[in-house]
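Below: one structure, written as structure tokens.
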Protein chains: 2
Amino acid sequence: MLDLRRLVLLRELAARGTLAAVAEALSYSPSAVSQQLSLLEKEAGVPLLRRSGRGVRLTPQAEVLVAAAGELLDTLERAEAELAASATEVRGRVRVAVFQSAALALMPAALREMGRRHPQVRVEMVQREPESALHETWAREFDLVVAEHYPAHAAPWLMGLDRRDLTTDAIRLALPPRDEAPTAVEDLDGARALPWVMEPRGTASRHFAEQTCRAAGFEPEVRYETADLQAQIRLVESGNAVALLPDLVWTGRPTTARLVDLPAHPRRTVFTAQRVAGLRSPAVSAFRDTLETVAAAV
Amino acid sequence: MLDLRRLVLLRELAARGTLAAVAEALSYSPSAVSQQLSLLEKEAGVPLLRRSGRGVRLTPQAEVLVAAAGELLDTLERAEAELAASATEVRGRVRVAVFQSAALALMPAALREMGRRHPQVRVEMVQREPESALHETWAREFDLVVAEHYPAHAAPWLMGLDRRDLTTDAIRLALPPRDEAPTAVEDLDGARALPWVMEPRGTASRHFAEQTCRAAGFEPEVRYETADLQAQIRLVESGNAVALLPDLVWTGRPTTARLVDLPAHPRRTVFTAQRVAGLRSPAVSAFRDTLETVAAAV
DNA sequence: CGGAATCATCAGAAGAACTGACGACTACTG
DNA sequence: CAGTAGTCGTCAGTTCTTCTGATGATTCCG
């Protein structure tokens with residue numbers, strides 16, 4: 001009978017490409033991974049790996065096993081969830097990936113409320129960019145992800161994930177306070193010549209910001225680039241840049257920046273997602289519900 | 001993550017009832033089973049076993065895991081079958097359970113033919129009564145079973161098994177040779193007062209034989225009872241008893257017994273069965289095909 | 001109230017898996 | 001076209017898990 005732990009290694013290899021990356025991801029030594037996969041190959045009786053360059057490639061037969069490994073993990077996860085659901089008290093561990101502004105605005109209250117409702121649930125939080133967070137949740141590194149969705153940007157790859165919207169918030173133009181601003185800027189068009197701060201290339205937020213500027217008829221000069229929205233705020237408040245920021249970043253802190261509505265009144269959607277196989281897990285559901293309560297209150 | 005090997009132990013426990021039986025069945029020591037199940041309980045985080053008298057009972061939560069274990073094994077088996085199917089050459093191991101007369105009449109030729117067609121397949125044969133053979137095949141102790149089906153006897157429990165008929169053979173009254181027989185018996189009615197040899201109580205064959213006699217208007221005196229049809233033959237040939245025997249028992253040996261058709265011309269069906277999850281296994285399929293070829297030739 | 005059956009626990013033995021070092025090979029880089 | 005870095009396979013030794021066998025507690029049965 002094929003060993004499940006080895007199948008998981010193979011599945012991870014299919015996802016990551018090299019033995020070294022698998023070892024890194026699952027905290028083994030590369031040698032252990034190599035040995036275990038050799039054993040799997042012997043168990044299976046057919047070649048699974050082919051050396052190709054300095055890496056390895058999976059044979060079609062290995063792909064069959066990868067698919068099976070996915071099914072097996074799903075079944076296991078479903079069983080664990082049912083098990084947990086049958087326990088009267090909600091308990092367990094929930095690993096959550098959250099992007100920065102949600103981490104700041106939502107998580108403190110959510111964690112406090114969760115501690116009150118379900119003290120036996122241990123919530124672990126890791127900050128991640130939405131794109132990688134979704135991927136890692138799919139790959140079972142997290143049980144729940146809080147991610148965002150910008151208008152006119154296709155929702156990134158949600159195969160096998162169950163998505164539920166948490167809240168939406170308006171995206172507005174953040175301008176320096178009047179006493180810091182040299183010129184009198186009052187709207188998007190007035191900001192066309194100013195230096196911008198945006199998130200790095202490749203993020204949904206950056207794409208949205210650039211598109212908005214182009215729709216207004218200019219190409220923004222992106223002088224500053226950071227994924228840290230708090231840093232963006234400081235740049236705006238100190239008069240060094242303008243930015244497009246969702247409202248959620250302002251919760252819980254006073255600001256001197258001036259916020260101006262955009263013509264199209266765009267809104268960002270904040271949502272949670274988890275693997276469908278884990279849907280019946282009461283601990284994850286409980287935290288998801290708590291998040292929704294907190295988000296509704298903001 | 002729950003350990004699959006431990007889930008299998010739990011599943012076996014659900015099927016067999018006591019730790020000792022599980023240990024016996026899977027060739028572990030009872031202590032190993034106890035320890036592994038304790039670990040599983042710790043992994044699961046919920047109680048799985050309850051001491052009850054001197055044995056143990058499964059909690060409802062354990063039943064959930066048992067169901068999951070079944071699913072997992074099915075998935076694994078399907079994957080292995082697909083894997084084997086993708087290999088160009090047919091190879092592997094096939095464990096077959098066969099009842100006595102098929103073992104004598106069919107298997108020698110089938111094994112020879114199989115060695116010719118697929119030398120890389122290792123066929124292991126165990127002789128078993130049809131009832132237990134079917135059950136053990138369901139329980140994954142065999143990959144293929146050759147069993148029989150008597151008329152008017154419900155096909156025993158084939159849940160999850162794929163059945164294919166191999167052949168049928170006439171069931172006839174076997175009478176002693178004339179020189180051994182004191183009285184001139186020529187048909188079923190004439191045998192009403194003679195001593196009978198039948199299979200043990202609880203077998204389909206016994207049930208059929210008794211019903212046949214009763215339909216003819218008498219209760220047979222079963223003086224001899226044995227599951228060994230070759231022994232029954234000897235008792236008939238030596239003039240000690242009469243019997244109802246399927247034709248297959250005569251293949252490959254000359255007989256002095258006289259065979260008389262029964263009024264209803266009943267036939268016994270010989271069939272093969274395997275778990276549906278293993279249907280794509282080429283080694284099992286190959287042997288099944290070989291058996292069908294051989295059976296057709298008899 | 002023995003005697004047999006069953007499971008839990010423990011210490012030690014057996015076995016499986018992992019680590020770290022080495023060597024072979026391949027791609028990239030200047 | 002060498003030098004360097006990245007990747008995998010293998011091997012010996014260690015670590016960790018799992019199994020065995022002995023012992024004790026509990027229950028059922030006669």
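These values consider heavy atoms only, across backbone and side chains, with no hydrogens, waters or symmetry-generated copies. Below, read A as the first sequence line, B as the second, and so on, with proteins coming before strands; counting in each chain starts at 1.
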Next item on the list: Choose from D:dC19, C:dC7, C:dC18 the nucleotide whose nearest atom is closest to any side-chain atom of B:A20.
Entry: C:dC7
Check: What's the CG-P distance between B:L26 and D:dC19, to the nearest Å?
Finding: 11 Å
Notebook entry, point to check: Of the nucleotides D:dT20, D:dT7, D:dG9, which one has an atom closest to the side chain of B:Y28?
Noted result: D:dT20
Item checked: Base D:dG21 to side chain B:S29, donor-acceptor N/O within 3.5 Å cut-off -> no
Notebook entry, point to check: For every nucleotide of nucleotides 24-30 of chain C, 5' to 3': is a protein heavy atom under 4.0 Å from its base (B), only from its sugar-phosphate (S), or from neither (-)?
Noted result: --BB---
Notebook entry, point to check: Hey, is the main chain of A:G55 close enough, under 3.5 Å, to the side chain of A:S52 for a donor-acceptor pair?
Noted result: no
Notebook entry, point to check: What nucleotide, of C:dC18, C:dC7, D:dT10, holds the atom closest to the side chain of A:S31?
Noted result: D:dT10
Next item on the list: Measure the distance from CD on B:Q35 to C1' on C:dT6 and round it to the nearest whole Å.
Entry: 16 Å
Next item on the list: For the residue pair A:R122 and A:R95, establish whether any side-chain heavy-atom pair is separated by less than 4.5 Å.
Entry: no
Check: Under 3.5 Å, side chain of B:R288 to main-chain N/O of B:T272, donor-acceptor pair present?
Finding: yes
Checklist line | Pair B:D143 + B:R93: basic N to acidic O under 4.0 Å | finding: no
Check: Between the main-chain N or O of A:T75 and the side-chain N or O of B:E71, is there a donor-acceptor pair closer than 3.5 Å?
Finding: no
Next item on the list: Identify which nucleotide among C:dC7, D:dG9, D:dT18 has an atom closest to any side-chain atom of A:S34, counting heavy atoms from C-beta outward.
Entry: D:dG9
